[in-house]
Protein chains: 2
Amino acid sequence: MPKQTFFNLPDAKRRLIIDTALEEFAFNTYDKASLSQIVLKAGIAKGSMYQYFNDKDELYTYLVEYVSEKKLSFINEALPQLRNDFFLLYKEVIFVAARFDIINPLYSSFLYSVGKDSHNPAISKKIMASSASFIEQMLEKAYSQGQIRKDINIKLAAFIISYLSVDVGEYIGEKYGFSYLSVLKSKLPNVPISDNQLEEVLDELIDFIKRGIASTI
Amino acid sequence: MPKQTFFNLPDAKRRLIIDTALEEFAFNTYDKASLSQIVLKAGIAKGSMYQYFNDKDELYTYLVEYVSEKKLSFINEALPQLRNDFFLLYKEVIFVAARFDIINPLYSSFLYSVGKDSHNPAISKKIMASSASFIEQMLEKAYSQGQIRKDINIKLAAFIISYLSVDVGEYIGEKYGFSYLSVLKSKLPNVPISDNQLEEVLDELIDFIKRGIASTI
DNA sequence: CAGCCATATGACTATATGGTCACAGAAAGG
DNA sequence: CCTTTCTGTGACCATATAGTCATATGGCTG
């Protein structure tokens with residue numbers, strides 16, 4: 001947790017520090033991300049940074065929580081009434097989550113970088129685990145309602161689906177020829193992909209999850 | 001490419017250098033992996049290292065190629081006659097690949113670390129791309145033989161399957177409570193999981209890919 | 001033995017980092 | 001106007017790194 005001093009800061013300054021740090025961590029590995037660079041770009045003194053945070057790790061951890069919180073509350077707010085059908089519900093959740101990423105390249109590139117960074121495996125594991133358990137809950141409900149095959153291993157399915165939900169971002173980036181990082185670098189306000197394009201990929205993914213790929217004849 | 005000097009080395013010494021470096025890169029991020037540590041552990045002089053490699057990156061790149069080559073040739077050798085059925089073939093490929101990982105924790109933790117490390121995104125992308133295109137070929141053949149649903153997007157399917165093939169390692173580790181790294185640390189000769197346990201997970205995964213999870217009634 | 005060449009070496013350099021600390025303002029309030 | 005408390009500062013420190021280089025070693029050849 002940051003020190004109280006950090007929260008006493010005027011909003012604009014606090015936000016500037018957060019954004020500058022996010023950018024540094026989005027573009028660099030944890031190890032290569034440099035506090036010296038962050039304070040330089042934010043225009044504050046090194047010492048000030050240590051009035052706000054005890055060390056680099058605390059800053060990093062705070063950023064992860066900060067952005068995760070943003071994303072989660074965005075999803076909760078944007079999610080319409082709950083659907084009963086698992087696949088429809090899943091689609092809506094992912095759609096909203098992807099929308100968040102598209103609107104907020106800074107946040108999404110940061111989170112992407114966090115997911116990959118093996119500096120602190122516990123953090124990325126925690127993120128994946130909570131995502132998997134969220135999906136597991138959805139699956140269990142659907143299972144009890146007969147929407148899921150009886151011989152499905154729910155734990156494995158939840159695991160697969162949560163990983164796929166992350167990987168699909170990579171696929172979209174490749175298919176439409178961009179990366180979050182390059183968008184960030186270009187200073188564009190958001191990722192150049194339309195709702196329709198997003199929905200198309202999502203539908204294919206869900207069809208895969210639903211029915212598999214084997215021909216049924 | 002390493003300098004000629006490196007290949008002139010006696011096998012034992014060359015291997016010692018490779019293994020020591022692999023271990024350092026398996027446990028650490030590219031940035032945090034230290035040449036000083038490597039030469040210390042391998043018992044050679046810093047300067048010698050620079051007789052073999054031009055810089056840290058060249059060493060790293062060489063290791064990636066070296067281990068990939070080992071894995072690929074292992075798979076090729078261990079693969080029995082080619083099956084016609086996509087799902088059987090896929091199972092065999094993954095089984096053999098996983099077998100390789102299980103037998104060679106050093107190699108697999110290194111490759112795992114490479115896949116995550118965002119130091120040089122081009123490298124991990126290249127690995128994933130070649131894996132996806134390999135599966136795409138298999139899929140296309142199967143498609144033309146009517147094994148795959150006609151409305152499947154082969155590119156997406158290949159992408160999904162290749163990513164799943166990597167992610168499943170994480171699942172197995174979680175399910176059986178180990179990580180490659182901890183196995184490496186414990187100096188055990190290989191990962192404690194039986195062929196049967198592996199096959200069980202694989203069958204579930206393939207069933208997922210084949211038929212999806214939706215109930216068909 | 002002399003000369004040559006490939007290899008080995010480790011002290012050294014330049015550089016950068018995370019983190020510290022003694023001090024300077026500034027705001028508040030008595 | 002003085003004192004206390006909180007915040008800002010940047011020079012500075014210890015440390016570690018990737019990479020260099022002048023020199024030493026040792027084997028081979030004529």
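In what follows, chains carry the letters A, B, and so on, assigned in the order in which the sequence lines appear, proteins first and then strands, with residues in each chain numbered from 1.
- OP1 or OP2 of dA6(C) has not a single side-chain nitrogen or oxygen of Thr5(B) nearer than 4.0 Å.
- In this structure, Phe7(A) places its CZ atom 16 Å from C1' of dT7(D), rounding to the nearest Å.
- Counting non-hydrogen atoms under 4.0 angstrom, Lys3(A) reaches nothing in the nucleic acid.
- In this structure, the helix from dC4(C)-dG27(D) to dG30(C)-dC1(D) shows an angle of 10° between the axis at its start and the axis at its end, each fitted on 5 base pairs and rounded to 10°.
- Atom CG in Leu40(B) sits about 10 Å away from atom P in dT17(D), given to the nearest Å.
- Looking only at distances, no side-chain donor or acceptor of Ser118(B) sits under 3.5 Å from a matching main-chain atom of Pro121(B).
- With hydrogens and angles ignored, the 3.5 Å screen pairs no side-chain donor or acceptor of Glu23(B) with any backbone N or O of Leu106(B).
- Within a heavy-atom distance below 4.0 Å of DNA chain C, no residue of residues 14-25 of chain B is found.
- A cation-pi arrangement, defined by a distance under 6.0 Å to the six-membered ring centre and an angle within 45 degrees of its axis, is present between Lys56(B) and Tyr30(B).
- When heavy atoms are screened at a 4.0 angstrom cut-off, Tyr52(B) is found touching the sugar-phosphate backbone but no base atom.
- Looking only at distances, a side-chain donor or acceptor of Ser68(B) sits under 3.5 Å from a matching main-chain atom of Val64(B).
- The aromatic rings of Phe110(A) and Phe25(A) sit perpendicular, their planes meeting at an angle over 60°, well past the 30° parallel limit.
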With sugar-phosphate taken as primed atoms, P, OP1 and OP2 and all else as base, the protein-contact string of nucleotides 16-28 of chain C at under 4.0 Å (heavy atoms; B, S, -) is -SBBBB-------

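- With hydrogens and angles disregarded, a donor-acceptor distance shorter than 3.5 Å links the side chain of Lys3(B) to the backbone of Tyr50(B).
- Nucleotide dA6(C) holds its P atom 17 Å from the NZ atom of Lys13(B), rounded to whole Å.
- Taking only side-chain nitrogens and oxygens, Asn8(B) never comes nearer than 4.0 Å to OP1 or OP2 of dA6(C).
- Ring orientation note: the planes of Tyr60(B) and His119(B) are nearly perpendicular, at an angle over 60° on the 30°/60° scale.
- Checked against the 6.0 Å centroid threshold, Phe6(A) and Tyr62(A) count as a close aromatic pair.
- Looking at Thr29(A), its side chain never comes within 3.5 Å of a backbone N or O of Lys32(A) through a donor-acceptor pair.
- Between Tyr112(B) and Tyr180(B), the ring-plane angle classifies as tilted under the 30° and 60° cut-offs.
- Between the CG atom of Leu9(A) and the P atom of dC6(D) there is a distance of 15 Å, rounded to whole Å.
- No side-chain donor-acceptor contact under 3.5 Å links Ser48(B) to the backbone of Ile44(B).
- Atom CD1 of Ile38(B) and atom C1' of dA16(D) are 15 Å apart (whole Å).
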